[in-house]
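Residue numbers start from 1 in every chain, and the chains themselves are labelled A, B, ... in the order their sequence lines are given, proteins ahead of strands. Here the structure is a predicted model, which means the values were calculated and not measured.
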Amino acid sequence: MSDKKVSMEDIVSLCKRRGFVYPGSEIYGGEAGLYDFGPYGVELLNNIKKSWWRANVQLKENYVGLDSAMFKNPKVWEASGHVGGFSDPLAECKKCNTRIRVDKELEKVGVTADEKMSEAELNKLFDENRDKIKCSNCGAHEFSEVKAFNLLVKSNLGDFTGAGDRPVYLPGEACQGIYLNFKNIVDTTRMKVPFGVAQIGKAFRNEISPRNFLFRTREFEQADTQFFVPPHQNKENYQRIKQERWDWYVNELGIEEAKLHWKKHDNLVFYTKEAWDIEYDFPSYGFDEVEGIHDRTDYDLSQHTKFSGTDLNYTDPHAGEKYIPWILETSMGMGRIFLAVMSDAYTVEDKGDDSRTVLKLKPELAPVKAAIFPLLKNKPELVAKAREVYQMLANEMQCEFDDNGNIGKRYRRQDEIGTPSCIVIDFDTLEDDTVTVRDRDTTEQKRIKISELSNLLNN
RNA sequence: GCGAGAUUAGUAUAGUGGUAGUACGCUUGCUUCCCAAGCAAGAGACACGAGUUCAAUUCUCGUAUCUCGCACCA
């Protein structure tokens, strides 16, 4: 038995074929950078979220969860720097296609250009000064129009006239909701610094070029934790958090450790002290980021104090000392994790002329925990008994009933969606209430009492 | 967003200026006492729009989506 090399196309094909992931708005010709999770996809996704929540909220005494509104006061995005810094006005050289930053080039020739200016205003300034600006690459003066690439997605909440006087944004990152509620959580719960807040939320970005399946999408989900610590107590916590996150991938998601590595950021934004990514070795793409772990100092709460006018200082209950807490962040892309989990589980066993595709998911993550089959579909007593067992187990876990075709086909179908156990009702079942349980990975079966099924499967 | 390439059923693919096969999958029936078995039947596709043409899935142009480079990437 040897495993074939897996490409991303194999994963994409399986995702579509088996109902894990569909291209967004497909019947209308699709929409770039959007994907829908199908029946099995949503189960897997929810199981990943459940595992993450358990590790980051349930099992941690000093972490609490949150779910903040996606729409926020527009000033939030000014404070976060997204409105200003998330936008680059660009023009393109017609000769060599090199892009220039229009605001920077204008400033070089002594013209003040505000990056908050509208496209029309920037174009007017640009047109007036085109002669003075040349392409940094080939020296030509021929440029396309200015386009502002702000990654924030605008919306029109409460803007009934469409005039856009007060632009609102979909979240460019999910974590801002945590900063906004820091004071609420301190005031209404018994959390004391150091403590953490966890949230799973959607984020939207006008990616110029969404690509690589679920890896870079325009709408995506993030799972973030923000850990608030007293100033300068970042180092020791940072190490602990790094370790905890690594362990989650290995122990809880069951990802092969050799497929993971750390990558340190060399070019840090000014407020970040340290930043490491966990990268996964994706088929076809190679290593790329699935989660970032950032030491963000007091930047976020300071900014929100400044922009909101609300004092976000924390008063230490023992020492009475006041300070803006520092933040250690973990931020994971849910779609990327989904893709990593799928890639890691995807296995093709080559057995000569026969081959078997198996999703070797950790049982906790599997979309379907158990599939129940009657050995033969034309024996009503077997079908009835199988339905009975199915009803019993469906109370406790995600199950599937299948009497289609022959038993081998049903096994293979379940293998491909990663179902850990297949339960078969045969003639012996009718005599002594035992069934066979077939293991996904070994394909071996053992016979057990129906009354012991639940126990076995739950372990 | 630029450049290049691609797009035929759910998936993977063949093929043609006179509207299309194959494999697997799917549905139904029969059969079958455990690993994609067998028999029979069935549903299902030329991405979208325009042009050329007597006739376009095929040629041309545009659009969309995907892939690969570039660029971008809190």
Side-chain angles (χ1 to χ4, degrees), chain A residues 7-10 12-19 22-35 38 80-82 84-88 90-101 137 144-145 147-149 151-152 172-173 175-176 203 205-213 215-216 222 265 267-272 275 277 284-285 288-289 292 294 296 299-300 329 331 333 351 353-357 373-379 382 404-416 422-430 435-440 442-445 447:
Chain A
S7 77
M8 190 48 78
E9 278 162 16
D10 298 328
V12 175
S13 168
L14 176 83
C15 281
K16 176 74 194 293
R17 187 156 38 92
R18 289 302 186 190
Y22 308 125
S25 309
E26 197 181 10
I27 63 169
Y28 283 93
E31 185 68 21
L34 300 173
Y35 290 91
S80 70
H82 285 80
F86 223 39
S87 156
D88 297 332
L90 298 177
E92 195 163 295
C93 172
K94 284 185 175 171
K95 279 198 177 154
C96 68
N97 292 331
T98 299
R99 291 176 154 205
I100 59 160
R101 276 284 296 269
N137 183 41
S144 66
E145 288 203 331
K147 287 203 167 163
F149 291 101
L151 295 182
L152 283 180
E173 60 185 17
C175 62
Q176 292 297 327
R205 291 180 191 178
N206 272 319
E207 293 288 353
I208 293 168
S209 161
R211 209 168 273 192
N212 296 349
F213 195 40
F215 192 81
R216 176 168 297 136
Q222 294 181 305
H265 280 230
N267 299 320
L268 296 172
V269 283
F270 66 93
Y271 56 84
T272 305
D277 291 340
S284 306
Y285 316 153
D288 217 330
E289 177 185 1
H294 310 123
R296 295 173 68 96
Y299 177 77
D300 302 289
E329 170 189 66
S331 181
K351 309 171 178 174
D353 36 342
D354 190 20
S355 79
R356 186 173 81 114
T357 304
F373 312 146
L375 180 61
L376 300 172
K377 77 186 289 193
N378 62 352
K379 298 287 184 285
L382 290 182
N404 190 34
N406 67 75
I407 196 107
K409 283 189 178 190
R410 300 180 219 150
Y411 283 145
R412 296 303 176 94
R413 188 213 308 263
Q414 296 298 330
D415 287 341
E416 226 177 26
C422 291
I423 294 152
V424 174
I425 280 68
D426 58 19
F427 293 100
D428 290 349
T429 311
L430 302 176
V435 294
T436 61
V437 178
R438 178 261 198 186
D439 180 84
R440 176 193 69 197
T442 64
T443 76
E444 281 163 11
Q445 29 184 331
R447 181 162 280 278

Distance between the [atom1] atoms of [N] and [M], in whole angstroms?
| N | M | atom1 | answer |
| --- | --- | --- | --- |
| B:U63 | B:G1 | P | 10 Å |
| B:A14 | B:U8 | P | 10 Å |
| B:G44 | B:G5 | P | 35 Å |
| B:G15 | B:U22 | P | 15 Å |
| B:A9 | B:U27 | C1' | 14 Å |
| B:G3 | B:C54 | P | 34 Å |
| B:U60 | B:G17 | C1' | 14 Å |
| B:G18 | B:U58 | P | 11 Å |

With a 4.0 Å cut-off on heavy atoms, is A:Ser80 in touch with a base, just the backbone sugar-phosphate, or nothing at all?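 The answer is base, as A:Ser80 lies within the cut-off (heavy atoms under 4.0 Å) of a base atom.
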
For A:Ser13, which contact category applies under a 4.0 Å heavy-atom criterion: base, sugar-phosphate, or nothing?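 If one applies the 4.0 Å heavy-atom cut-off, A:Ser13 turns out to touch the sugar-phosphate alone, with no base involved.
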
Nucleotide by nucleotide, nucleotides 21-34 of chain B touches protein heavy atoms under 4.0 Å in the pattern (B base, S sugar-phosphate only, - none) ----SSS-S-SBBB

Within this structure, what is the [atom1]-to-[atom2] distance between [X] and [N], rounded to whole angstrom?
| X | N | atom1 | atom2 | value |
| --- | --- | --- | --- | --- |
| A:Tyr22 | B:G10 | OH | P | 12 Å |
| A:Ile208 | B:G3 | CD1 | P | 15 Å |
| A:Ile27 | B:A9 | CD1 | C1' | 17 Å |
| A:Lys16 | B:U7 | NZ | C1' | 13 Å |

Take A:Glu26 and A:Tyr299, find for each the nucleotide of RNA chain B with the closest heavy atom, and name the residue whose nucleotide sits nearer the 5' end. A:Glu26

Applying side-chain hydrogen bond (donor to acceptor under 3.5 Å, both in side chains), can you list everything that pairs with [X], at least two apart in sequence or on another chain?
| X | result |
| --- | --- |
| A:Glu26 | A:Lys16 |
| A:Thr436 | A:Gln445 |
| A:Glu416 | A:Arg17, A:Arg18 |
| A:Asp300 | A:Arg296 |

Any non-hydrogen side-chain atom of A:Asp426 less than 4.5 Å from a side-chain atom of A:Arg447?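 When only atoms from C-beta onward are counted, A:Arg447 and A:Asp426 do touch, with a gap below 4.5 Å.
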
Are A:Cys15 and A:Tyr35 packed together at the side-chain level, in the sense that at least one heavy-atom pair is separated by less than 4.5 angstrom? no

Not counting sequence neighbours, which residues clear side chain to side chain contact (heavy atoms under 4.5 Å, CB included) with [X]? List them please.
| X | result |
| --- | --- |
| A:Glu9 | A:Ser7 |
| A:Leu430 | A:Glu381, A:Leu382, A:Lys385, A:Phe427 |
| A:Lys377 | A:Asp403, A:Asn404 |

Sequence-distant partners of A:Tyr299, ring-ring contact (aromatic ring centres under 6.0 Å, His included), two or more places apart: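 Only A:Phe270, A:Tyr271 meet the ring-ring contact (aromatic ring centres under 6.0 Å, His included) criterion with A:Tyr299.
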
Any chance the side chains of A:Ser13 and A:Asp10 put a donor and an acceptor closer than 3.5 Å? no

Is any N or O donor-acceptor pair between the side chain of A:Arg216 and the base of B:C73 shorter than 3.5 Å? yes

Stems where RNA chain B pairs, listed by first number, each of three or more Watson-Crick or G-U pairs under 3.5 Å: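 Paired runs of 3+ in RNA chain B: B:1-7 with B:64-70, B:10-13 with B:21-24, B:26-30 with B:38-42, B:47-51 with B:59-63.
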
Hits for salt bridge (Lys or Arg N to Asp or Glu O under 4.0 Å) against A:Asp288, two or more places apart or cross-chain, chain-then-number order -> none

Strictly under 3.5 Å: I want the nitrogen or oxygen pairs between protein and nucleotides 65-68 of chain B, one per line.
from  : atom 1 : to       : atom 2 : distance (Å)
B:U65 : OP1    : A:Ala32  : N      : 3.1
B:U65 : O4'    : A:Gly29  : O      : 3.3
B:C66 : OP1    : A:Gly33  : N      : 3.4
B:U67 : OP1    : A:Phe213 : N      : 3.4
B:C68 : OP2    : A:Asn212 : OD1    : 3.2
B:C68 : N4     : A:Arg211 : NH2    : 3.0

